[in-house]
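This report concerns only the one structure given below.
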Protein chains: 2
Amino acid sequence: MLSAACRDSIRAMIYIANLSKKEKYKDRFISIYKIARDLGLSFYFLSKNFQKLVKAGLLESHRGPQGGVKLLKPPSKIRLIDIVAVIDGMDFFNNCILGFEKCSDENPCSIHNLWADKRRQILSMFEKTTLEDAIRNIEKFENIKV
Amino acid sequence: MLSAACRDSIRAMIYIANLSKKEKYKDRFISIYKIARDLGLSFYFLSKNFQKLVKAGLLESHRGPQGGVKLLKPPSKIRLIDIVAVIDGMDFFNNCILGFEKCSDENPCSIHNLWADKRRQILSMFEKTTLEDAIRNIEKFENIKV
DNA sequence: AAGATTTAAGAGTATTTTATCTTAAATATA
DNA sequence: TATATTTAAGATAAAATACTCTTAAATCTT
């Protein structure tokens, strides 16, 4: 459902949000190299994907020593759907699961009524969940990588 | 979420189930060429994907004149998840949405508890919905292609 | 001002998925 | 038996996605 690019981006955004809480990183830029290393992601791939988030206004970037990226809004104002929309687009939520152009609530394909309900719930989850919500669960997660 | 191969396969299976109801097609093989033409799908791509459904025992195939494919079980016994499992596999339902190996109910990643619930509902929908259920909605759908 | 650090941008490569083509095998029918 | 029809299987091609590399630009530090 999520592309690899989107999956990595969400992980990285949650990581940044979490770091930003700590006094040491408050309002500072966090280097993409560090993020990729800490999360076990590809620096190249992550940098490339972050460029879209910067253009979309979710991240601010800064070059040079002490440079990196930081959130432009507080974690409570950044929703997972904002990241998904930028990286993957909204096709998943807008298009018929069987690929019919004309499928809609008014003219439903043979599984539209079943699927539309699930899709709405997924959308709702991504709309309701913010980076703030996500970082609340991090402490409990005993994985090395956030 | 569904690959193009899976999307096409499900459409085609619903189409076959629907045709099978009609007296004229009862227990007959339906040519893949006809299915692809009627649904506006690629004959080549559909044949290739059908090979998996045949191997998996969902379809029976027959070569030569009057050949084609037909369902091995009544539409009420073929679930959408059976098709998904054969064509796409179950990774979507088994793997963490953020890609963590160790993510589970016992050791949840930062969005596992939110996502697991949605994923369960999607799985449940695909498990509960049979081709029989799908064809019940076809008449209402005013699209040229089923 | 020079050098080191860091992201931006675009080009390039690899892998996966999608789609097509070709040949062979099976089989019905004339 | 010969021919036409139809799927099977493997090879190939095209497109999309994932991933990497190189060079440039910005900017901090010395």
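All chains are named by letter (A, B, ...) in the order of the sequence lines, taking the proteins before the strands, and each is independently numbered beginning at 1. No hydrogens, no waters, no symmetry mates; every other heavy atom, side chains included, goes into these values. Since the model is a prediction, treat every value here as computed from it, not as a measurement.
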Which whole-number value in Å describes the distance from [X] [atom1] to [N] [atom2]?
X: B:K34; N: D:dT6; atom1: NZ; atom2: P; answer: 12 Å
X: B:F29; N: C:dA26; atom1: CZ; atom2: C1'; answer: 12 Å
X: B:D8; N: C:dT17; atom1: CG; atom2: P; answer: 15 Å
X: A:D91; N: D:dA16; atom1: CG; atom2: P; answer: 13 Å
X: B:Q66; N: C:dT29; atom1: CD; atom2: C1'; answer: 9 Å
X: B:L2; N: C:dT17; atom1: CG; atom2: P; answer: 14 Å
X: A:I32; N: D:dA26; atom1: CD1; atom2: P; answer: 17 Å
X: A:Y33; N: C:dA4; atom1: OH; atom2: P; answer: 18 Å

If you measure only the distance, is there a donor-acceptor pair under 3.5 Å linking the side chains of A:D105 and A:H112?
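Indeed, the side chains of A:D105 and A:H112 share at least one donor-acceptor pair under 3.5 Å.
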side-chain hydrogen bond (donor to acceptor under 3.5 Å, both in side chains) pairs touching residues 80-94 of chain A, sequence neighbours excluded, are A:S3-A:D88, A:R79-A:D82
side-chain hydrogen bond (donor to acceptor under 3.5 Å, both in side chains) partners of residues 45-71 of chain A, not counting sequence neighbours, each pair once
A:K48-A:Q51
Taking 4.0 Å as the cut-off, does a side-chain nitrogen or oxygen of B:S42 come that near to OP1 or OP2 on C:dT18?
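False: B:S42 side-chain N/O out of range (4.0 Å or more) of C:dT18 OP1/OP2.
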Is the distance from OP1 or OP2 of C:dC21 to the nearest side-chain N or O of B:Y44 less than 4.0 Å?
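Yes.
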According to the ring pair (Phe, Tyr, Trp, His ring centres under 6.0 Å) rule, which pairs have a member within residues 71-90 of chain A, sequence neighbours left out?
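Every pair satisfying ring pair (Phe, Tyr, Trp, His ring centres under 6.0 Å) with a residue in residues 71-90 of chain A: there are none.
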Output all residues satisfying side chain to side chain donor-acceptor pair (under 3.5 Å) with A:T130, sequence neighbours left out; order by chain, then residue number.
A:D133
Please name all residues satisfying salt bridge (Lys or Arg N to Asp or Glu O under 4.0 Å) with A:K34, sequence neighbours left out, ordered by chain then number.
A:D38
Where along residues 45-64 of chain A does a heavy atom fall under 4.0 Å from DNA chain D?
A:F45, A:K48, A:H62, A:R63, A:G64
